[in-house]
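Down below is the structure, laid out as C-alpha coordinates.
None of these values were measured; they are calculated from a predicted model. So that the names make sense, note that chain A is the first sequence line, chain B the second, and so on, each numbered from 1.
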Amino acid sequence: MLPSVFDTLKERGLIAQMTHEEEIKKLLEEEKVTFYIGFDPTADSLHVGHFLQLMVMAHMQRAGHRPIAILGGGTAMIGDPTGKTDMRRMMTREELDHNVACFKKQMSRFIDFSEGKALILDNADWFLNLNYMEFLRDIAVHFSVNRMLTFECFKSRLERGLSFLEFNYMLLQSYDFYKLNQEYGCVLELGGDDQWSNIIGGIELIRRKAGKQAYGMTFTLLTTSEGKKMGKTEKGALWLDPEKCSPYDFYQYFRNVDDADVIRCIKLLTFVPMDEIHRLEKLEGQELNEAKRILAYEVTKLVHGEEEAQKAKKTAEGLFSGGNAADMPSTELVASDLAEETPLLELMLASGLIPSKGEGRRLITQGGVSVNEEKVADPNVTIKKEKLFGDGIIVKKGKKVYHRISAK
RNA sequence: GGAGGGGUUCCCGAGUGGCCAAAGGGGGCAGACUGUAAAUCUGUUGUCUUCGACUUCGAUGGUUCGAAUCCAUCUCCCUCCA
(Lines give C-alpha, C1' and ligand atoms only; values in the text may rest on other atoms or scores of the structure.)
Protein backbone atom coordinates (compact mmCIF):
# COMPACT_ATOMS: atom_id res chain seq x y z
CA MET A 1 0.00 0.00 0.00
CA LEU A 2 1.18 3.47 -0.81
CA PRO A 3 2.00 5.69 2.13
CA SER A 4 -0.79 8.17 2.45
CA VAL A 5 0.55 11.38 1.11
CA PHE A 6 -2.63 12.99 2.24
CA ASP A 7 -1.77 12.28 5.85
CA THR A 8 1.77 13.42 5.31
CA LEU A 9 0.67 16.75 3.90
CA LYS A 10 -1.80 17.23 6.65
CA GLU A 11 0.54 16.24 9.40
CA ARG A 12 3.13 18.68 8.15
CA GLY A 13 0.65 21.48 8.12
CA LEU A 14 0.93 22.01 4.41
CA ILE A 15 -2.76 21.90 3.67
CA ALA A 16 -4.83 25.03 4.06
CA GLN A 17 -8.18 24.29 2.39
CA MET A 18 -9.69 21.75 0.08
CA THR A 19 -12.80 21.35 -1.89
CA HIS A 20 -13.76 17.79 -0.95
CA GLU A 21 -11.75 16.42 1.94
CA GLU A 22 -13.07 12.87 1.93
CA GLU A 23 -12.95 12.36 -1.81
CA ILE A 24 -9.49 13.80 -2.14
CA LYS A 25 -8.17 11.64 0.64
CA LYS A 26 -9.65 8.57 -0.98
CA LEU A 27 -8.44 9.53 -4.40
CA LEU A 28 -4.90 10.04 -3.24
CA GLU A 29 -4.86 6.78 -1.38
CA GLU A 30 -6.32 4.65 -4.11
CA GLU A 31 -5.25 6.05 -7.43
CA LYS A 32 -2.36 7.52 -9.25
CA VAL A 33 -3.49 11.08 -9.57
CA THR A 34 -2.42 13.64 -12.11
CA PHE A 35 -2.37 17.07 -10.52
CA TYR A 36 -1.00 20.45 -11.35
CA ILE A 37 0.47 23.57 -9.86
CA GLY A 38 0.96 26.79 -11.75
CA PHE A 39 3.96 29.06 -11.52
CA ASP A 40 4.04 32.55 -12.91
CA PRO A 41 7.49 33.32 -14.25
CA THR A 42 7.69 36.88 -13.00
CA ALA A 43 11.40 36.72 -12.18
CA ASP A 44 14.43 34.92 -13.48
CA SER A 45 14.75 32.69 -10.45
CA LEU A 46 12.48 30.74 -8.16
CA HIS A 47 12.29 31.79 -4.53
CA VAL A 48 11.38 30.04 -1.28
CA GLY A 49 7.71 30.59 -1.87
CA HIS A 50 7.97 28.48 -5.00
CA PHE A 51 10.12 26.05 -3.13
CA LEU A 52 7.28 25.33 -0.75
CA GLN A 53 5.10 24.47 -3.72
CA LEU A 54 7.82 22.25 -5.11
CA MET A 55 7.97 20.46 -1.78
CA VAL A 56 4.30 19.62 -2.09
CA MET A 57 4.92 18.39 -5.59
CA ALA A 58 7.82 16.30 -4.41
CA HIS A 59 5.78 14.76 -1.60
CA MET A 60 3.10 13.89 -4.10
CA GLN A 61 5.51 12.49 -6.61
CA ARG A 62 7.16 10.35 -3.97
CA ALA A 63 3.78 8.87 -3.27
CA GLY A 64 3.41 7.92 -6.88
CA HIS A 65 1.30 10.73 -8.25
CA ARG A 66 2.02 12.58 -11.42
CA PRO A 67 2.70 16.31 -11.18
CA ILE A 68 2.29 18.79 -13.95
CA ALA A 69 4.11 22.05 -13.49
CA ILE A 70 2.51 24.77 -15.50
CA LEU A 71 4.69 27.71 -16.24
CA GLY A 72 2.52 30.68 -16.80
CA GLY A 73 4.24 32.10 -19.82
CA GLY A 74 0.80 33.01 -21.07
CA THR A 75 -0.98 33.97 -17.87
CA ALA A 76 1.92 36.05 -16.68
CA MET A 77 1.27 38.31 -19.62
CA ILE A 78 -1.84 39.32 -17.75
CA GLY A 79 -0.65 39.25 -14.16
CA ASP A 80 -2.55 37.74 -11.28
CA PRO A 81 -4.26 40.54 -9.37
CA THR A 82 -4.64 38.39 -6.26
CA GLY A 83 -3.09 40.00 -3.25
CA LYS A 84 -1.74 42.88 -5.23
CA THR A 85 -2.73 46.40 -4.50
CA ASP A 86 -1.41 47.76 -7.74
CA MET A 87 -1.34 46.46 -11.20
CA ARG A 88 1.77 44.61 -12.12
CA ARG A 89 4.22 45.90 -14.61
CA MET A 90 3.61 44.34 -17.98
CA MET A 91 6.32 41.96 -18.98
CA THR A 92 7.56 41.42 -22.45
CA ARG A 93 7.39 38.13 -24.28
CA GLU A 94 11.20 37.90 -24.26
CA GLU A 95 11.49 38.41 -20.53
CA LEU A 96 8.89 35.77 -19.92
CA ASP A 97 10.54 33.26 -22.20
CA HIS A 98 13.81 33.81 -20.44
CA ASN A 99 12.19 33.36 -17.06
CA VAL A 100 10.40 30.24 -18.14
CA ALA A 101 13.71 28.74 -19.21
CA CYS A 102 15.28 29.60 -15.84
CA PHE A 103 12.36 28.10 -13.93
CA LYS A 104 12.49 24.89 -15.88
CA LYS A 105 16.13 24.44 -15.14
CA GLN A 106 15.75 25.04 -11.44
CA MET A 107 12.71 22.86 -11.07
CA SER A 108 14.27 19.79 -12.53
CA ARG A 109 16.40 19.72 -9.46
CA PHE A 110 13.47 18.95 -7.22
CA ILE A 111 11.09 17.07 -9.41
CA ASP A 112 11.87 14.07 -11.55
CA PHE A 113 10.70 15.03 -14.99
CA SER A 114 11.80 11.85 -16.65
CA GLU A 115 9.20 10.34 -18.91
CA GLY A 116 5.83 9.63 -17.48
CA LYS A 117 6.80 10.82 -13.99
CA ALA A 118 6.02 14.47 -14.38
CA LEU A 119 5.31 17.09 -16.97
CA ILE A 120 6.35 20.63 -17.39
CA LEU A 121 4.28 22.77 -19.70
CA ASP A 122 4.13 26.39 -20.66
CA ASN A 123 0.63 27.73 -20.99
CA ALA A 124 1.88 30.22 -23.54
CA ASP A 125 1.58 27.25 -25.88
CA TRP A 126 -2.17 27.40 -25.83
CA PHE A 127 -2.83 30.99 -24.84
CA LEU A 128 -0.85 32.91 -27.39
CA ASN A 129 -2.89 31.68 -30.29
CA LEU A 130 -6.19 31.72 -28.56
CA ASN A 131 -9.06 33.03 -30.58
CA TYR A 132 -10.90 35.70 -28.65
CA MET A 133 -14.32 34.99 -30.13
CA GLU A 134 -14.06 31.30 -29.50
CA PHE A 135 -12.79 31.87 -26.01
CA LEU A 136 -15.69 34.11 -25.19
CA ARG A 137 -18.26 31.69 -26.60
CA ASP A 138 -16.75 28.53 -25.16
CA ILE A 139 -15.28 29.59 -21.89
CA ALA A 140 -16.38 33.03 -20.81
CA VAL A 141 -20.08 32.18 -21.00
CA HIS A 142 -19.61 29.98 -17.98
CA PHE A 143 -18.50 32.77 -15.73
CA SER A 144 -20.79 35.10 -13.89
CA VAL A 145 -19.47 38.56 -13.32
CA ASN A 146 -21.79 38.97 -10.38
CA ARG A 147 -20.23 35.99 -8.70
CA MET A 148 -16.71 36.92 -9.54
CA LEU A 149 -17.17 40.30 -7.97
CA THR A 150 -18.06 38.67 -4.69
CA PHE A 151 -14.75 36.83 -4.54
CA GLU A 152 -12.41 38.01 -1.87
CA CYS A 153 -9.52 38.37 -4.27
CA PHE A 154 -11.28 41.08 -6.23
CA LYS A 155 -12.89 42.89 -3.34
CA SER A 156 -9.82 44.77 -2.24
CA ARG A 157 -9.16 45.71 -5.81
CA LEU A 158 -12.60 47.13 -6.32
CA GLU A 159 -11.64 49.98 -4.07
CA ARG A 160 -8.35 50.65 -5.75
CA GLY A 161 -9.25 49.86 -9.30
CA LEU A 162 -9.03 46.67 -11.28
CA SER A 163 -8.46 46.57 -14.97
CA PHE A 164 -10.42 44.33 -17.28
CA LEU A 165 -7.14 42.75 -18.23
CA GLU A 166 -6.53 41.52 -14.73
CA PHE A 167 -10.13 40.60 -14.20
CA ASN A 168 -9.60 37.99 -16.90
CA TYR A 169 -6.85 36.25 -15.03
CA MET A 170 -9.26 33.97 -13.29
CA LEU A 171 -10.73 32.78 -16.57
CA LEU A 172 -7.32 31.99 -17.93
CA GLN A 173 -6.25 30.00 -14.94
CA SER A 174 -9.54 28.17 -15.02
CA TYR A 175 -8.97 27.40 -18.65
CA ASP A 176 -5.57 25.93 -17.82
CA PHE A 177 -7.16 23.47 -15.48
CA TYR A 178 -9.87 22.61 -17.99
CA LYS A 179 -7.33 22.07 -20.71
CA LEU A 180 -5.17 19.83 -18.54
CA ASN A 181 -8.23 17.94 -17.45
CA GLN A 182 -9.19 17.27 -21.05
CA GLU A 183 -5.77 16.44 -22.37
CA TYR A 184 -3.91 14.92 -19.48
CA GLY A 185 -6.63 13.68 -17.19
CA CYS A 186 -5.60 16.14 -14.53
CA VAL A 187 -8.18 16.14 -11.76
CA LEU A 188 -6.56 18.08 -8.98
CA GLU A 189 -5.20 21.59 -8.84
CA LEU A 190 -2.95 22.67 -6.03
CA GLY A 191 -1.76 26.14 -5.20
CA GLY A 192 -1.00 28.61 -2.48
CA ASP A 193 -3.93 29.55 -0.33
CA ASP A 194 -4.26 32.83 -2.17
CA GLN A 195 -5.15 30.82 -5.26
CA TRP A 196 -8.34 29.46 -3.77
CA SER A 197 -10.79 31.40 -5.88
CA ASN A 198 -8.86 30.82 -9.07
CA ILE A 199 -8.88 27.11 -8.37
CA ILE A 200 -12.60 27.08 -7.68
CA GLY A 201 -13.06 28.81 -11.00
CA GLY A 202 -11.36 25.94 -12.79
CA ILE A 203 -13.32 23.29 -10.99
CA GLU A 204 -16.59 24.94 -11.88
CA LEU A 205 -15.56 25.33 -15.47
CA ILE A 206 -14.74 21.65 -15.73
CA ARG A 207 -18.04 20.73 -14.16
CA ARG A 208 -20.06 22.93 -16.45
CA LYS A 209 -18.24 22.30 -19.64
CA ALA A 210 -17.19 18.69 -19.30
CA GLY A 211 -19.59 17.55 -16.65
CA LYS A 212 -16.72 16.13 -14.65
CA GLN A 213 -15.74 16.44 -11.06
CA ALA A 214 -12.38 17.99 -10.33
CA TYR A 215 -10.76 18.85 -7.04
CA GLY A 216 -8.74 21.60 -5.52
CA MET A 217 -6.48 21.93 -2.56
CA THR A 218 -4.46 24.85 -1.31
CA PHE A 219 -1.53 24.85 1.02
CA THR A 220 -0.23 27.16 3.63
CA LEU A 221 1.57 30.27 2.59
CA LEU A 222 5.03 30.64 3.95
CA THR A 223 4.51 33.29 6.55
CA THR A 224 6.08 34.08 9.87
CA SER A 225 4.24 33.62 13.11
CA GLU A 226 3.20 37.24 12.77
CA GLY A 227 1.63 36.57 9.44
CA LYS A 228 4.18 38.40 7.38
CA LYS A 229 5.48 36.86 4.23
CA MET A 230 8.66 34.95 4.82
CA GLY A 231 11.69 34.93 2.67
CA LYS A 232 12.13 38.64 2.36
CA THR A 233 15.66 39.89 2.44
CA GLU A 234 17.16 43.26 1.74
CA LYS A 235 17.73 42.06 -1.77
CA GLY A 236 14.09 41.23 -2.26
CA ALA A 237 13.15 37.60 -2.15
CA LEU A 238 15.13 34.66 -0.90
CA TRP A 239 16.20 33.31 -4.26
CA LEU A 240 17.10 29.75 -5.04
CA ASP A 241 19.61 30.75 -7.66
CA PRO A 242 23.07 30.66 -6.03
CA GLU A 243 24.08 33.64 -8.13
CA LYS A 244 21.32 35.73 -6.62
CA CYS A 245 21.61 34.41 -3.09
CA SER A 246 24.69 32.47 -2.06
CA PRO A 247 24.26 29.12 -0.32
CA TYR A 248 25.88 30.66 2.74
CA ASP A 249 23.37 33.52 2.89
CA PHE A 250 20.61 31.07 2.24
CA TYR A 251 21.80 28.89 5.11
CA GLN A 252 22.09 31.89 7.40
CA TYR A 253 18.60 33.04 6.63
CA PHE A 254 17.18 29.86 8.08
CA ARG A 255 19.74 29.65 10.84
CA ASN A 256 18.35 32.99 11.99
CA VAL A 257 14.60 32.42 11.81
CA ASP A 258 12.48 33.29 14.80
CA ASP A 259 12.06 30.66 17.46
CA ALA A 260 8.38 30.68 16.73
CA ASP A 261 8.87 29.69 13.12
CA VAL A 262 11.47 26.94 13.26
CA ILE A 263 9.26 23.93 13.65
CA ARG A 264 6.82 25.15 11.07
CA CYS A 265 9.64 25.66 8.61
CA ILE A 266 11.09 22.23 9.22
CA LYS A 267 7.72 20.68 8.58
CA LEU A 268 7.09 22.67 5.48
CA LEU A 269 10.48 22.88 3.88
CA THR A 270 12.32 19.68 4.68
CA PHE A 271 11.76 15.94 4.58
CA VAL A 272 12.86 15.50 8.19
CA PRO A 273 10.66 12.68 9.50
CA MET A 274 7.82 13.53 11.84
CA ASP A 275 9.32 11.50 14.72
CA GLU A 276 12.37 13.67 14.63
CA ILE A 277 10.23 16.78 14.41
CA HIS A 278 8.27 15.76 17.45
CA ARG A 279 11.51 15.48 19.34
CA LEU A 280 12.65 18.91 18.18
CA GLU A 281 9.32 20.39 19.07
CA LYS A 282 10.02 19.74 22.73
CA LEU A 283 13.18 21.78 22.74
CA GLU A 284 13.07 25.06 24.50
CA GLY A 285 15.09 28.22 24.84
CA GLN A 286 18.64 27.96 23.75
CA GLU A 287 18.20 24.33 22.75
CA LEU A 288 16.11 25.45 19.85
CA ASN A 289 19.31 26.34 18.12
CA GLU A 290 19.69 22.68 17.36
CA ALA A 291 16.44 22.77 15.45
CA LYS A 292 17.62 25.83 13.60
CA ARG A 293 20.83 24.14 12.59
CA ILE A 294 18.93 21.18 11.26
CA LEU A 295 16.49 23.40 9.43
CA ALA A 296 19.20 25.47 7.81
CA TYR A 297 21.23 22.46 6.81
CA GLU A 298 18.34 20.44 5.42
CA VAL A 299 16.82 23.24 3.38
CA THR A 300 20.17 24.25 1.99
CA LYS A 301 20.85 20.65 1.12
CA LEU A 302 17.63 20.36 -0.81
CA VAL A 303 18.15 23.58 -2.67
CA HIS A 304 21.88 23.68 -3.25
CA GLY A 305 22.99 20.12 -2.74
CA GLU A 306 24.79 18.33 0.04
CA GLU A 307 28.23 19.68 -0.72
CA GLU A 308 27.16 23.31 -0.61
CA ALA A 309 25.16 22.70 2.53
CA GLN A 310 28.19 21.22 4.24
CA LYS A 311 30.28 24.14 3.19
CA ALA A 312 27.77 26.68 4.39
CA LYS A 313 27.44 24.89 7.68
CA LYS A 314 31.17 24.67 8.23
CA THR A 315 31.64 28.30 7.34
CA ALA A 316 28.93 29.37 9.73
CA GLU A 317 30.29 27.25 12.55
CA GLY A 318 33.79 28.49 11.95
CA LEU A 319 32.77 32.12 11.95
CA PHE A 320 30.52 32.03 14.93
CA SER A 321 32.67 29.94 17.18
CA GLY A 322 36.19 30.95 16.31
CA GLY A 323 35.78 33.94 14.08
CA ASN A 324 37.57 32.31 11.22
CA ALA A 325 36.67 30.03 8.38
CA ALA A 326 38.20 29.20 5.08
CA ASP A 327 35.07 29.63 3.11
CA MET A 328 33.23 32.83 3.80
CA PRO A 329 31.88 35.52 1.56
CA SER A 330 34.91 37.19 0.14
CA THR A 331 36.18 39.73 -2.31
CA GLU A 332 39.50 39.62 -4.03
CA LEU A 333 40.93 42.86 -5.30
CA VAL A 334 43.62 43.39 -7.85
CA ALA A 335 46.78 44.42 -6.06
CA SER A 336 48.04 46.66 -8.82
CA ASP A 337 44.98 48.83 -8.47
CA LEU A 338 45.71 49.53 -4.84
CA ALA A 339 47.82 52.20 -3.26
CA GLU A 340 50.17 51.40 -0.37
CA GLU A 341 47.43 52.26 2.04
CA THR A 342 43.74 52.12 1.28
CA PRO A 343 41.02 53.55 3.47
CA LEU A 344 38.97 50.78 5.05
CA LEU A 345 35.85 52.50 3.79
CA GLU A 346 36.98 52.04 0.21
CA LEU A 347 37.59 48.37 0.78
CA MET A 348 34.21 47.87 2.36
CA LEU A 349 32.55 49.68 -0.47
CA ALA A 350 34.38 47.58 -3.04
CA SER A 351 33.31 44.40 -1.31
CA GLY A 352 29.70 45.45 -1.20
CA LEU A 353 29.59 45.40 2.59
CA ILE A 354 28.31 48.95 2.60
CA PRO A 355 26.32 50.81 -0.01
CA SER A 356 28.02 54.14 0.61
CA LYS A 357 30.81 55.63 2.62
CA GLY A 358 28.40 57.61 4.71
CA GLU A 359 26.83 54.36 5.80
CA GLY A 360 30.26 52.95 6.57
CA ARG A 361 31.21 55.96 8.62
CA ARG A 362 28.09 55.68 10.65
CA LEU A 363 28.68 52.00 11.23
CA ILE A 364 32.20 52.56 12.46
CA THR A 365 31.19 55.48 14.64
CA GLN A 366 28.56 53.32 16.24
CA GLY A 367 31.01 50.55 16.84
CA GLY A 368 29.66 48.12 14.31
CA VAL A 369 32.79 47.22 12.38
CA SER A 370 35.70 44.98 13.27
CA VAL A 371 38.77 44.05 11.33
CA ASN A 372 40.26 40.70 12.30
CA GLU A 373 38.11 40.76 15.44
CA GLU A 374 39.38 44.14 16.49
CA LYS A 375 36.86 46.90 16.74
CA VAL A 376 37.50 49.85 14.49
CA ALA A 377 37.04 53.19 16.17
CA ASP A 378 38.20 55.66 13.56
CA PRO A 379 36.29 55.95 10.31
CA ASN A 380 39.40 57.09 8.53
CA VAL A 381 41.65 54.11 9.23
CA THR A 382 43.59 52.78 6.33
CA ILE A 383 44.74 49.28 5.59
CA LYS A 384 48.27 48.63 4.40
CA LYS A 385 48.50 46.87 1.11
CA GLU A 386 50.64 44.04 2.40
CA LYS A 387 48.00 43.06 4.90
CA LEU A 388 45.72 42.16 2.07
CA PHE A 389 47.95 39.53 0.57
CA GLY A 390 47.49 35.89 1.42
CA ASP A 391 44.43 35.44 3.58
CA GLY A 392 43.74 39.15 3.62
CA ILE A 393 41.63 40.68 6.34
CA ILE A 394 38.32 39.66 7.80
CA VAL A 395 35.89 42.49 8.13
CA LYS A 396 32.93 41.98 10.40
CA LYS A 397 29.89 44.16 10.10
CA GLY A 398 27.51 44.02 12.98
CA LYS A 399 27.37 40.67 14.65
CA LYS A 400 26.69 38.38 11.81
CA VAL A 401 28.13 39.61 8.60
CA TYR A 402 31.64 38.43 7.85
CA HIS A 403 33.56 39.23 4.73
CA ARG A 404 37.10 38.44 3.71
CA ILE A 405 38.91 41.03 1.67
CA SER A 406 42.17 40.13 0.03
CA ALA A 407 44.36 41.22 -2.86
CA LYS A 408 46.25 39.41 -5.49
C1' G B 1 -13.82 63.96 -24.44
C1' G B 2 -15.59 67.16 -19.73
C1' A B 3 -14.97 68.39 -14.28
C1' G B 4 -12.16 67.83 -9.95
C1' G B 5 -8.04 65.68 -6.87
C1' G B 6 -3.12 64.08 -6.68
C1' G B 7 2.50 62.53 -7.79
C1' U B 8 7.45 64.34 -1.36
C1' U B 9 13.33 60.87 0.55
C1' C B 10 13.01 52.53 1.03
C1' C B 11 7.27 52.59 2.19
C1' C B 12 3.13 55.38 4.34
C1' G B 13 2.60 60.39 5.13
C1' A B 14 3.31 65.96 6.93
C1' G B 15 5.05 70.20 4.74
C1' U B 16 1.74 75.96 0.53
C1' G B 17 8.19 81.25 -0.45
C1' G B 18 13.49 81.43 3.56
C1' C B 19 14.00 78.37 10.39
C1' C B 20 13.73 72.05 4.78
C1' A B 21 18.17 67.13 3.57
C1' A B 22 12.53 68.09 4.58
C1' A B 23 7.79 66.36 10.87
C1' G B 24 5.72 61.64 12.37
C1' G B 25 5.17 56.44 11.71
C1' G B 26 6.75 51.84 9.43
C1' G B 27 10.81 49.30 7.68
C1' G B 28 16.25 48.93 7.52
C1' C B 29 21.06 49.19 9.90
C1' A B 30 24.04 49.50 14.34
C1' G B 31 24.81 49.53 19.98
C1' A B 32 23.26 47.39 24.91
C1' C B 33 20.92 42.84 26.66
C1' U B 34 20.96 37.61 24.60
C1' G B 35 20.93 31.94 22.31
C1' U B 36 23.66 33.71 15.23
C1' A B 37 16.06 33.99 18.64
C1' A B 38 12.23 37.34 20.36
C1' A B 39 10.91 41.50 23.28
C1' U B 40 12.84 46.01 25.17
C1' C B 41 15.83 50.43 25.43
C1' U B 42 19.42 53.74 22.64
C1' G B 43 21.50 55.69 18.30
C1' U B 44 21.10 56.14 13.13
C1' U B 45 18.77 56.16 8.18
C1' G B 46 20.55 61.48 0.57
C1' U B 47 25.87 61.66 -1.51
C1' C B 48 30.82 63.31 -0.93
C1' U B 49 37.23 64.68 0.51
C1' U B 50 31.48 65.21 6.66
C1' C B 51 35.14 72.07 8.46
C1' G B 52 31.81 72.24 4.90
C1' A B 53 30.14 71.27 -0.08
C1' C B 54 26.90 69.08 -3.53
C1' U B 55 22.31 66.63 -5.40
C1' U B 56 16.97 65.52 -4.01
C1' C B 57 10.29 66.59 -3.28
C1' G B 58 6.85 63.36 -11.33
C1' A B 59 9.63 66.08 -16.03
C1' U B 60 11.09 70.57 -18.35
C1' G B 61 11.24 75.76 -18.47
C1' G B 62 10.05 80.43 -15.80
C1' U B 63 9.14 84.18 -11.59
C1' U B 64 12.22 85.46 -7.20
C1' C B 65 17.94 87.65 -3.58
C1' G B 66 15.75 82.74 -2.30
C1' A B 67 11.10 77.43 -4.58
C1' A B 68 9.13 70.82 -2.39
C1' U B 69 6.16 75.27 -1.87
C1' C B 70 4.27 80.48 -7.00
C1' C B 71 3.50 80.39 -12.80
C1' A B 72 3.58 77.66 -17.70
C1' U B 73 3.95 73.32 -20.55
C1' C B 74 4.33 68.11 -20.46
C1' U B 75 3.64 63.36 -18.16
C1' C B 76 1.48 59.63 -14.98
C1' C B 77 -2.30 58.15 -11.37
C1' C B 78 -7.18 58.52 -8.91
C1' U B 79 -12.52 60.09 -8.53
C1' C B 80 -17.00 61.75 -10.86
C1' C B 81 -19.61 62.72 -15.62
C1' A B 82 -19.93 61.03 -21.05
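- Counting to the nearest Å, the C1' atom of G35(B) and the CD atom of Glu290(A) are 14 Å from each other.
- For Phe135(A) and Tyr175(A), the gap between ring centers is short of 6.0 Å.
- Looking at every heavy atom in both residues, Gly13(A) comes nearest to Thr220(A) through O-OG1, 2.6 Å.
- Phosphate proximity of U50(B) to Arg361(A): present, with a side-chain N or O under 4.0 Å from OP1 or OP2.
- For U69(B), there is no paired base (Watson-Crick or G-U wobble, both distances below 3.5 Å).
- Under the Watson-Crick or G-U wobble criterion, with both distances below 3.5 Å, U50(B) has no partner in any strand shown.
- Residue-environment remark: NZ (Lys25(A)) exceeds the threshold of 12 foreign heavy atoms within 6.0 Å.
- Regarding Asn380(A), its CG atom lies at a distance of 10 Å from the P atom of C51(B), rounded to whole Å.
- Gln366(A) has no side-chain polar atom (N or O) that falls below the 4.0 Å cut-off from OP1 or OP2 of A30(B).
- Not a single donor-acceptor contact under 3.5 angstrom links the side-chain atoms of Arg362(A) to the base of U44(B).
- Across all strands shown, A37(B) forms no Watson-Crick or G-U wobble pair with both key distances under 3.5 Å.
- A close approach under 4.0 Å does not occur between any side-chain nitrogen or oxygen of Lys400(A) and OP1 or OP2 of C29(B).
- Annotation: Asp337(A), atom CG; neighbour count of heavy atoms from other residues, nucleotides and ligands within 6.0 Å is above 12.
- In a base pair of the Watson-Crick type (N1 to N3 plus N6-O4 or O6-N4) or a G-U wobble (N1-O2 and O6-N3), with each distance short of 3.5 Å, A3(B) is matched with U79(B).
- Contact annotation for Val257(A): backbone-only contact, meaning every heavy-atom pair under 4.0 Å involves sugar-phosphate atoms and none involves a base.
- Between the side chains of Arg255(A) and Asn289(A), at least one donor N or O lies within less than 3.5 Å of an accepting N or O.
- Comparing Gly398(A) and Asp259(A) by the nucleotide of RNA chain B that holds the closest heavy atom to each, the one mapping nearer the 5' end is Gly398(A).
- Taking 4.0 angstrom as the limit, Ser356(A) places a side-chain polar atom (N or O) nearer than this to OP1 or OP2 of C48(B).
- Across all strands shown, G43(B) forms a Watson-Crick or G-U wobble pair, both distances under 3.5 Å, with C29(B).
- Nearest-nucleotide positions on RNA chain B place Gly368(A) closer to the 5' end than the other of Glu287(A) and Gly368(A).
- Look at Lys357(A) and you'll find a side-chain N or O under 4.0 angstrom from OP1 or OP2 of U49(B).
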